[in-house]
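Before any comments, here is the structure.
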Amino acid sequence: MLEHESISNPTHSKTTGLPRKRFYRARAHSNPLSDSHFPVPIFPSQFDYSLHYPQFFPLPDRSDGSKKIEFADIGCGFGGLLISLSTLFPNTLMIGMELRDKVTEYVKERILALRASNPGQYENVSVVRTNSMKYIPNYFEKGQLTKMFFLFPDPHFKEKNHRRRVISPHLLDEYAYVLRVGGIIYTITDVEELGVWMKSCLDGHPLFEAISQEVLEADPVVKLLSTATEEGQKVARNGGQTFQAVYRRIASSFSH
Amino acid sequence: MEDNHMEEHDQKLETEVAPALIAVHPNQKFISVSIGSDLRLFNLQDGSGVTLLDENGGHKDSIRSIRYSKSGQLFASAGDDKLVKIWDTNSWRCIYSVVSEKRVTSLAISCDEMFVCFADKFGVVYVVDVRDYNNENRALVNTKGVPLLSHYCSIITRLEFSPDGKYIVTADRDFKIRVTLFPKEPLSGAHEIQSFCLGHTEFVSCLAFISSQDYPQGLLASGSGDSTVRLWDYASGSLLDTCDVGAKAGLLHSNQKQDEILPSVTDLCATSNGSRIAVAIQSLPGIMLLKCNLSSNTLSVIKVVSITAETFIPTSIGASSSVPLLWMVMGASSLQSNNFALLARVRVVSGFSDNSSVTVEPEISVLDDKEIPRGEPLLQILQGKLSIGEEAFSTAAEAVKTSMRNLLIKKQYSAERREFRKRGRNDKKNQTPA
Ligand SMILES: C[S@@+](CC[C@H](N)C(=O)[O-])C[C@H]1O[C@@H](n2cnc3c(N)ncnc32)[C@H](O)[C@@H]1O
């Protein structure tokens with residue numbers, strides 16, 4: 001999927017070799033409810049890691065139970081968080097999931113350009129175009145992920161559109177399935193109403209518990225939530241307030 | 001707005017035709033057939049039709065799911081009129097009428113018969129507490145369901161409880177089967193997903209649990225638009241075996257193109273000891289009989305039981321747990337030429353049983369109308385008419401095939417339509433001040 005393009009790409013900046021955002025403009029919002037036609041793996045082992053992480057997987061065969069993706073950035077947008085996490089956790093495989101195809105293309109190009117200009121780095125990040133609200137179980141097995149990120153998701157203000165929100169009581173069931181016990185879900189927004197909503201969904205879910213303030217302060221990832229992404233930087237520039245909710249996946253008390 | 005409007009409109013057109021359904025009481029006391037909004041019941045013990053007692057006057061639109069509870073005490077029906085009706089099979093009185101916000105696609109009754117679950121066409125499963133149904137003389141309860149779980153914006157095609165009642169299993173049009181722990185107190189939701197059974201490459205159309213005394217937990221079988229039946233270890237989600245039933249029944253052309261639509265599996269029914277599975281397949285006049293080996297986890301074809309005298313392609317099949325008969329129905333609601341409306345054809349196959357002790361296959365044959373238990377009176381009630389013309393069959397087969405395909409196979413929008421949708425969006429965009 002991430003194939004190398006020629007260096008003299010007109011959509012890329014001549015000086016940095018990085019893709020220029022204006023060539024990847026897209027509609028502001030995609031409707032996550034409508035059916036689109038992009039390929040979706042039938043089951044997680046069908047997802048070809050060698051296309052996404054060629055340095056880690058020279059061959060498509062993953063039958064030896066090797067490394068799996070552990071971090072997922074849902075609705076990754078232009079990919080700022082992934083880029084920061086990549087060097088912070090160089091041995092952890094991570095993926096961005098994004099619905100808009102142009103934006104996904106941009107992130108792909110961005111990663112390839114970074115790999116080209118920083119040999120050996122950014123090999124652990126990739127991006128995939130998909131609807132995370134429908135296809136999470138097609139990409140990840142039970143308990144595979146250790147971190148999931150939901151940074152500045154679309155707010156969908158209207159009551160009747162709340163079912164389009166990426167955090168909802170029912171979708172949390174799926175996130176709890178792919179997160180291993182002890183794994184962490186990070187959410188942040190500049191929309192207070194959405195912040196309250198995400199927090200209340202997580203509070204109401206039996207498989208998640210809030211993480212204490214001290215633990216949060218020691219977590220280097222928490223600082224990135226408001227600073228690493230394009231959306232976060234925009235909010236910061238405008239001096240906007242942010243609301244975050246960070247929860248841990250806990251074991252079920254409903255044991256058999 | 002524009003988008004939503006079109007979505008709703010599309011769905012309305014595509015779902016108009018509903019297949020006729022059949023459900024058999026666990027002790028074969030009753031046989032139920034639904035066609036369109038019509039619910040027909042025959043009492044095999046006294047040999048007469050049953051009159052349903054419903055203060056609200058029955059279903060108003062196509063019925064999409066009918067089920068008996070495990071003991072046979074309860075019966076439930078639901079469909080396009082957004083109503084779930086729960087009936088007491090002693091009095092055949094409707095004891096609960098549940099209002100859904102959306103059309104109902106499927107339902108199931110928990111093994112302990114305390115809860116009825118139903119799925120709406122936006123992929124949300126609701127649960128209704130029916131624990132107080134035994135109160136004598138209580139009035140009809142009009143109630144609502146409580147959300148239990150959801151397949152995000154997919155159509156749930158089938159709901160099933162595992163034989164031990166521990167799990168609720170949901171199948172959808174996005175090729176998925178989800179296995180969720182069914183909690184003791186389901187009214188606060190079912191949050192713990194045990195597994196996903198992934199492997200089908202088209203919509204999943206039907207589910208059946210295969211269990212026996214030796215394997216009480218059993219295995220799960222599923223049928224799909226990909227023309228296969230698959231066998232799963234449902235607790236882990238592992239695929240154990242795949243049987244290409246469409247190909248084995250000779251329904252695929254050797255030069256079948258990749259994107260051609262395969263004859264989909266429409267229904268599955270297992271014998272009570274799990275060693276035999278009947279499979280209904282679109283375009284197969286008859287059924288295919290599979291053998292399931294629970295110790296080696298394999299599926300194999302025993303034979304195709306063909307129906308020759310008429311073009312009978314079952315739309316739904318069912319069996320009791322005690323009598324070795326497989327009941328089949330063919331029919332469709334709302335056919336274009338409504339001369340044929342509400343005609344259903346019922347056929348029965350004998351010898352549908354396990355044969356763990358015997359080495360020879362039991363004699364399997366399609367019964368003549370007069371050999372069917374209670375013969376003519378039963379057919380008169382369930383079919384709506386004693387004899388049904390051949391044209392009705394082909395019309396029904398075609399209608400059901402088209403509606404199923406449209407509903408469950410992902411739409412590839414025509415260029416024109418896509419353009420129209422895009423225009424709708426641009427118009428909107430142009431209206432918003434810059
Ligand atoms: C407001 S942006 C935030 C992007 C990024 N996280 C940031 O902080 O800059 C939300 C992103 O989520 C994407 N998105 C919305 N629904 C999605 C879905 N169902 N699956 C994947 N991505 C989705 C949108 O396309 C959009 O790029």
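Everything quoted here is computed from the prediction, not taken from an experiment. So you know, we letter chains A, B, ... as the sequences are listed, proteins then strands, and number each from 1.
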Original post:
Say you draw a straight line from CD of B:Glu192 to OH of A:Tyr177; how long is it, rounded to the nearest 0.5 Å?
Top reply: 12.0 Å
Original post:
Are any non-hydrogen side-chain atoms of B:His191 and A:Phe208 less than 4.5 angstrom apart?
Top reply: no
Original post:
Can you tell if the side chain of A:Asp173 reaches within under 4.5 Å of the side chain of B:Ser150, non-hydrogen atoms only?
Top reply: no
**OP:** Starting at NE2 of B:His151, measure out to NE2 of A:His170 and round the result to the nearest 0.5 Å.
**Re:** 10.5 Å
Subject >> Heavy-atom contact with chain A under 4.5 Å, split by part of B:Leu148 >> reply: backbone
Original post:
Going by heavy atoms in the side chains, are A:Met133 and B:Cys153 under 4.5 Å from each other?
Top reply: no
**OP:** Quick one: which of B:Ile193, B:Thr201, B:Leu239 has the most heavy-atom pairs under 4.5 Å with chain A, could you say?
**Re:** B:Ile193
**OP:** Might you point out which heavy atoms bring B:Leu198 and A:Pro137 nearest each other, and give the distance in Å?
**Re:** CD1-O, 3.4 Å
Original post:
Does a side-chain heavy-atom distance below 4.5 Å link B:Tyr152 with A:Glu174?
Top reply: no
**OP:** Could you tell me which of B:Gly189, B:Gly199, B:Ser154 has the largest number of non-hydrogen atom pairs under 4.5 Å with chain A?
**Re:** B:Gly199
Original post:
What part of A:Gln46 gets closer than 4.5 Å to chain B, counting heavy atoms only: side chain, backbone, both or neither?
Top reply: neither
Subject >> Interface moiety of A:Ile42 toward chain B, non-hydrogen atoms closer than 4.5 Å >> reply: both
Subject >> Shortest non-hydrogen contact from B:Asp174 toward A:Tyr135 >> reply: OD1-OH, 3.8 Å
Original post:
B:His200 versus chain A, heavy atoms under 4.5 Å apart: side chain, backbone, both or neither?
Top reply: backbone
